[in-house]
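Computed from heavy atoms alone, side chains included, the values below leave out hydrogens, waters and symmetry copies.
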Amino acid sequence: MLVNSSFPINRLLFFFGCSVLAVGLLNLFSSQVIYRIPATMPTLFPVMTIFLMVFHILIASFMVMKYLCDKHRLYLMAIACAFGGSALLMLGTLSSYTDWLLCSPIAKVNYNDAFIYYFFRNVMMAALFMASIILYEYRHSEIHTLRNHMVILSLIIGFTVSMLALSWLYSSHYGGMHLLIIDNLSRHFTSLWHNYLISALIIPRRKQRPHRKSVFSEQTKRCIRQKRMGATR
């Protein structure tokens, strides 16, 4: 039986078209409603977080049910843990808006905790999505024995639980491991973000450039020497 292995270019174009249309509608909505009606801005983020949390819970539930129907698809559990852990971290983000949820007239928001949960959520989802891609690539491999299956599943669940625990410990719930990234009074990033996290992304790239130039210059010098030696011969 022949299998059509051609690339689904029509589906890809349809996906990009829908994505561009969705981004355009969101931009139009933000420019027409959010900025012209300032009263909606404080409530927009918690409301969107609630909708997104429910959506992630539904995705995680469907992934788990599909895995229970066919347990050979281990990559689905990585996706389920990514969306399930994301929903729990969104619940932690909403805990930073306790005064807003209690309808308090003076809402005090813990922006540092919200950013910590947001940071750990992105790291966790990126790592689990990469794990799901690797597991999908080796889904028909012989390494999927019962023992390896249980070990990989335990690692996925353990990583998700560890990220949830670290996000809770680094927030204001535990003073021994408190991480200060945003000042809640001035609403500005601290030196930890500017001096360490951003510098870790920029400095390695700057260090690689002189090394590449030196290698390239050595190669060109060797070629010039060989050509001169050949011309003299």
Common cluster, [X]/[Y], ILVMFWY with side-chain heavy-atom separation under 4.5 Å:
| X | Y | value |
| --- | --- | --- |
| Ile50 | Leu52 | yes |
| Tyr117 | Phe55 | yes |
| Val161 | Leu74 | yes |
| Phe51 | Leu58 | no |
| Leu68 | Ile79 | yes |

[X] and [Y]: which non-hydrogen atoms are nearest, and at how many Å?
| X | Y | result |
| --- | --- | --- |
| Phe120 | Leu89 | C-CD1, 3.9 Å |
| Met90 | Arg121 | CE-NH1, 3.3 Å |
| Gly85 | Met124 | C-CE, 3.4 Å |
| Cys81 | Thr160 | CB-OG1, 3.4 Å |
| Ala78 | Ser132 | CB-CB, 3.8 Å |

task: Starting from the C-alpha separation in whole Å, work towards a yes-or-no answer on side-chain contact (heavy atoms from CB on, under 4.5 Å) for His72 and Arg139.
output: CA-CA 7 Å; His72 293 285; Arg139 64 189 183 280; over 6 Å; no
Can you measure from [atom1] ([X]) to [atom2] ([Y]) and round to the nearest 0.5 angstrom?
| X | Y | atom1 | atom2 | value |
| --- | --- | --- | --- | --- |
| His149 | Met77 | NE2 | CE | 8.5 Å |
| Met125 | Leu128 | CE | CG | 8.5 Å |
| Cys69 | Leu76 | SG | CG | 10.5 Å |
| Met163 | Leu88 | CE | CG | 13.0 Å |

query: For Ile57, does its backbone N or O pair with a side-chain atom of Ser61 as donor and acceptor, under 3.5 Å?
result: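 Yes; judged by distance alone, with no hydrogens or angles, the pair exists.
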field: Counterpart residues, ring pair (Phe, Tyr, Trp, His ring centres under 6.0 Å), relative to Phe14 (two or more places apart)
entry: none
task: Take the angle between the ring planes of Tyr136 and Tyr75 and call it parallel below 30°, perpendicular above 60°, tilted in between.
output: perpendicular
message: Once you measure the plane-to-plane angle for Phe115 and Tyr118, does it fall in the parallel (<30°), tilted (30-60°) or perpendicular (>60°) bin?
response: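 It falls in the tilted class, 30° to 60°.
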message: Assess the residue pair Phe129 and Phe83 against the criterion (ring-ring contact (aromatic ring centres under 6.0 Å, His included)); give the C-alpha distance rounded to whole Å, side-chain angles, the decisive distance to 0.1 Å, and a yes or no.
response: CA-CA 10 Å; Phe129 281 153; Phe83 284 102; 5.7 Å; yes
- prompt: Should we count CE of Met65 as having more than 12 external heavy atoms under 6.0 Å?
  reply: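 Correct, the count exceeds 12.
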- request: For Tyr67, look at atom OH and say whether over 12 heavy atoms of other residues, nucleotides or ligands are found less than 6.0 Å away.
  value: yes
- request: Measure the shortest side-chain to side-chain distance between Met53 and Leu94 over non-hydrogen atoms and say whether it is less than 4.5 angstrom.
  value: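 Side chain of Met53 against side chain of Leu94, heavy atoms only: contact under 4.5 Å found.
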Just distance, no hydrogens or angles: give the donor-acceptor pairs under 3.5 Å from side chains in residues 151-158, sequence neighbours left out.
from	atom 1	to	atom 2	distance (Å)
Ser154	OG	Met150	O	2.7

